[in-house]
Amino acid sequence: MIKRRYSSELSSEMDGKVITVAGWVNEKRKMGKLIFLLIRDRDGIVQLTLPGKFVSKEVFETAKNISKESVVVARGKLQKMEKAPGGFEIIPEEIKVFARAESPLPLDPTGKVPANLDTRLDSRVMDLRKPEIMAIFKIRSQILKAAREYLYRKSFLEIHSPRIISTASEGGTELFPIAYFEKEAFLAQSPQLYKQMLMGTGMDAVFEVATYFRAEEHDTIWHLNEITAIDCEMAFIEDEEDILTLIENLIVAMVTEVKENCQKEIELLGRDISIPEKPFLRIEYSRVLELLEEAGLRLSFGEDLTTEAEKKLGEIMKEKGHVFYFVTKYPLSIKPFYTMPENSEQKLSRAFDLEFSGREIISGSQRIHNYDLLVDRIKAKDMRVENFGAYLKAFKYGMPPHGGFGMGIERLLMLLLNLSNIREAVLFPRDRYRLRP
RNA sequence: GCCCUGGUAGUGUAGACGGCCUAUCAUGCAGGACUGUCACUCCUGUGACUCGGGUUCAAAUCCCGACCAGGGCGCCA
């Protein structure tokens, strides 16, 4: 490795020390016989100052001719200087250009001239050089780390289920077909069936940071065709309340960790993150219908909450001081076949969603663990029982009561950071039209 | 899948009741002046109407189609 210091490690206290820094030329300001070079690295920006009288002609010429965004490494004496940003600057003795950046740049990484999201995504590497864009992904990394740490602490086993599957696992969303030698196969829409099967092994509690592939032709700021989710499943639960408790603890752990460790990034994004208070409100679906009706929005029982209804509910809840809240006891009819009915009437279910400011970020439920009931429900959904052979087999020989959920990471990030488009929360997003970069 | 809107230099924009557009401004880039910049400043230059068809004496501007993009709904994480 090249021995160098990050900009964040430097301060005016190091006055007189010879330092090596490396990074990209953020800006160059030529003032005749004085040149300022602002070098950007992962953590920030450091100023190189080149007074014509005090640096070698060679170094001065290199600086003068360097193009914006070129990669350089510079060695020089750090000098305490009131006039310099941060109170110090480096007078370079040597500047080495590793890679000269071509011009014109596809977009302006200093952000002086804005660029459309489409332009930015086409030149994502350039775009990510902007500190506030990179901040999103530092936070994303922290959020996943926090989730992992919390779940490991709670003795969850991290697993990997197949991404290539043979048939439609859950029905509902469309799958991407792929060529698999002489067979047809699909990209998995979620680990749902696999994580449930594992509940029959004694693993008790598992989670996966999973990629979901959804072939829906949706075209919104809220949907993608490839997403990342934290998928959990746990066995020996009393009912879905055990899952709700896990979720609120997990969310609080994740947000707390971000708030504590990403202060700089949160500031860069101009956000203020508050840690949600436990317990999160649980509100039953039928009660939601009542509240909506009072607000002038009528939905009939058995209808899923429309986007309008969800947003309206978000407003109502906000007035009452709830940012995170669970909608529980959904009608069985609008939930997947593996959802546990609330009782023998089979009208309500033990399914729930976690809403964050009027938008759904988690969906989960207690699942059916009884083989016969499961088969009945598959039939009731007009699905073919023979398509579920391997899955059903796991329920024949002893399956404990269990439940779980899937949490959309991008959605969480988007709402937490107030991003205007879900694509902002993915390095290289995949939507209906975008397959590259 | 349905509905709405839009495509102008590398980037972001102005112009659109057809002519006064040899197309605005900013930024960038090139050259020049400048020893304390921090969106440095100033001077000079540079570079664009998505494509195809139509209407018209005349199209960036109106019409049709394609492609691309933005947004909403549905679906969901």
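Protein chains get the first letters and strands the later ones, always in sequence-line order, with residue 1 at the start of each. What's counted below: heavy atoms across the whole structure, side chains too, no hydrogens, waters or symmetry copies. Everything numeric in this text was worked out from a predicted model, so none of it was measured.
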Tell me every residue that passes salt bridge (Lys or Arg N to Asp or Glu O under 4.0 Å) with A:Glu410, counting only those two or more places apart in sequence or in another chain.
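Listed in chain order: A:Arg140.
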
So which nucleotide does [N] pair with, by the Watson-Crick or G-U wobble rule with both distances under 3.5 Å?
{"N": "B:A69", "value": "B:U5"}
{"N": "B:C62", "value": "B:G54"}
{"N": "B:A16", "value": "none"}
{"N": "B:U24", "value": "none"}
{"N": "B:G47", "value": "none"}

Let's see if you can work this out: which of B:G70, B:C73, B:C76 has an atom nearest to the side-chain heavy atoms of A:Asp118?
B:G70

A:Thr220 side chain, from C-beta outward: closest of B:C76, B:A39, B:G74:
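Nucleotide nearest to A:Thr220's side chain: B:G74.
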
What integer number of Å spans the [atom1] atoms of [N] and [M]?
{"N": "B:G28", "M": "B:U11", "atom1": "P", "value": "15 Å"}
{"N": "B:A14", "M": "B:C75", "atom1": "C1'", "value": "40 Å"}
{"N": "B:U61", "M": "B:G54", "atom1": "P", "value": "14 Å"}
{"N": "B:G65", "M": "B:C29", "atom1": "P", "value": "42 Å"}
{"N": "B:A30", "M": "B:C20", "atom1": "P", "value": "34 Å"}
{"N": "B:U46", "M": "B:U22", "atom1": "C1'", "value": "16 Å"}
{"N": "B:A9", "M": "B:U50", "atom1": "C1'", "value": "14 Å"}
{"N": "B:U8", "M": "B:A23", "atom1": "C1'", "value": "8 Å"}

Within the structure shown, what part of the strands sits under 4.0 Å from A:Glu310 by heavy-atom distance: base, sugar-phosphate, or nothing?
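Contact class for A:Glu310: base.
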
Touch class at under 4.0 angstrom, heavy-atom based, for A:Asn421 against every strand present
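Sugar-phosphate, no base atom in range.
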
[X] [atom1] - [N] [atom2] separation (whole Å):
{"X": "A:Arg411", "N": "B:A77", "atom1": "CZ", "atom2": "P", "answer": "7 Å"}
{"X": "A:Asp108", "N": "B:A39", "atom1": "CG", "atom2": "C1'", "answer": "10 Å"}
{"X": "A:Arg432", "N": "B:C68", "atom1": "CZ", "atom2": "C1'", "answer": "13 Å"}
{"X": "A:Met254", "N": "B:A77", "atom1": "CE", "atom2": "P", "answer": "17 Å"}
{"X": "A:Leu419", "N": "B:G71", "atom1": "CG", "atom2": "C1'", "answer": "17 Å"}
{"X": "A:Asp353", "N": "B:C75", "atom1": "CG", "atom2": "P", "answer": "13 Å"}
{"X": "A:Leu415", "N": "B:C76", "atom1": "CG", "atom2": "C1'", "answer": "14 Å"}
{"X": "A:Ile247", "N": "B:A77", "atom1": "CD1", "atom2": "C1'", "answer": "12 Å"}

What string of B, S and - do you get for nucleotides 29-38 of chain B, 5' to 3', when a contact is any protein heavy atom under 4.0 Å?
S----BBBBB

Heavy atom of residues 274-306 of chain A under 4.0 Å from RNA chain B: which residues?
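Per residue number, the list reads A:Asp304, A:Thr306.
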
Please work out which residues in residues 226-235 of chain A have a non-hydrogen atom less than 4.0 Å from an atom of RNA chain B and list them by number.
A:Ile227

Would you check if the side chain of A:Arg359 reaches a backbone N or O of A:Leu415 as a donor-acceptor pair within less than 3.5 Å?
no

Residue pairs meeting side chain to side chain donor-acceptor pair (under 3.5 Å), one or both in residues 54-67 of chain A, sequence neighbours left out, come to A:Ser67-A:Ser70

Suppose we screen for side-chain hydrogen bond (donor to acceptor under 3.5 Å, both in side chains). Which residues come up paired with [X], at least two apart in sequence or across chains?
{"X": "A:Glu290", "result": "A:Arg287"}
{"X": "A:Tyr212", "result": "A:Asp231"}
{"X": "A:Tyr330", "result": "A:Asp353"}
{"X": "A:Thr49", "result": "A:Gln47, A:Glu89"}

Both conditions, 6.0 Å and 45 degrees, for the charged tip of A:Arg282 above the ring of A:Phe352: are they met here?
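No.
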
Does NZ or CZ of A:Lys347 lie under 6.0 Å from the centre of the six-membered ring of A:Phe301, at an angle within 45° of the ring axis?
yes

Hey, mind stepping through A:Glu208 and A:Arg163 against salt bridge (charged side-chain N to carboxylate O under 4.0 Å, His left out) and telling me if it holds?
CA-CA 12 Å; A:Glu208 175 165 14; A:Arg163 292 278 80 87; 3.0 Å; yes

Nearest-nucleotide wise, let me know which of A:Ile221 and A:Glu308 is further upstream toward the 5' end of RNA chain B.
A:Ile221

Given RNA chain B, 5'-ward residue of the pair A:Arg434 and A:Glu217, judged by closest heavy atom:
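First, find each residue's nearest nucleotide; the 5'-ward one identifies A:Glu217.
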
Atom [atom1] of [X]: over 12 foreign heavy atoms under 6.0 Å:
{"X": "A:Lys154", "atom1": "NZ", "answer": "no"}
{"X": "A:Trp24", "atom1": "CH2", "answer": "no"}
{"X": "A:Lys264", "atom1": "NZ", "answer": "yes"}

State which residues pass side-chain contact (heavy atoms from CB on, under 4.5 Å) with A:Lys381; sequence neighbours excluded, sorted by chain then number.
A:Phe337, A:Arg377, A:Met383

Look for any protein N or O under 3.5 Å of an N or O in nucleotides 12-14 of chain B and output each such pair with its distance, or none.
from  : atom 1 : to       : atom 2 : distance (Å)
B:G12 : OP1    : A:Asn116 : N      : 3.0
B:G12 : OP1    : A:Asn116 : ND2    : 3.2
B:G12 : OP1    : A:Thr119 : OG1    : 2.7
B:G12 : O4'    : A:Pro114 : O      : 2.9

Can you list, pair by pair, the side-chain donor-acceptor contacts under 3.5 Å of residues 71-88 of chain A, counting residues two or more places apart and other chains?
from    : atom 1 : to      : atom 2 : distance (Å)
A:Arg75 : NH1    : A:Glu93 : OE1    : 3.0
A:Arg75 : NH2    : A:Glu94 : OE1    : 3.0

Mark yes or no for a side-chain to base donor-acceptor pair under 3.5 Å between A:His223 and B:C75, with no hydrogen or angle criteria applied.
yes

Let me know which of A:Lys28, A:Lys30, A:Glu27, A:Met31 forms a side-chain contact (heavy atoms from CB on, under 4.5 Å) with A:Phe36.
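Passing option: A:Met31.
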
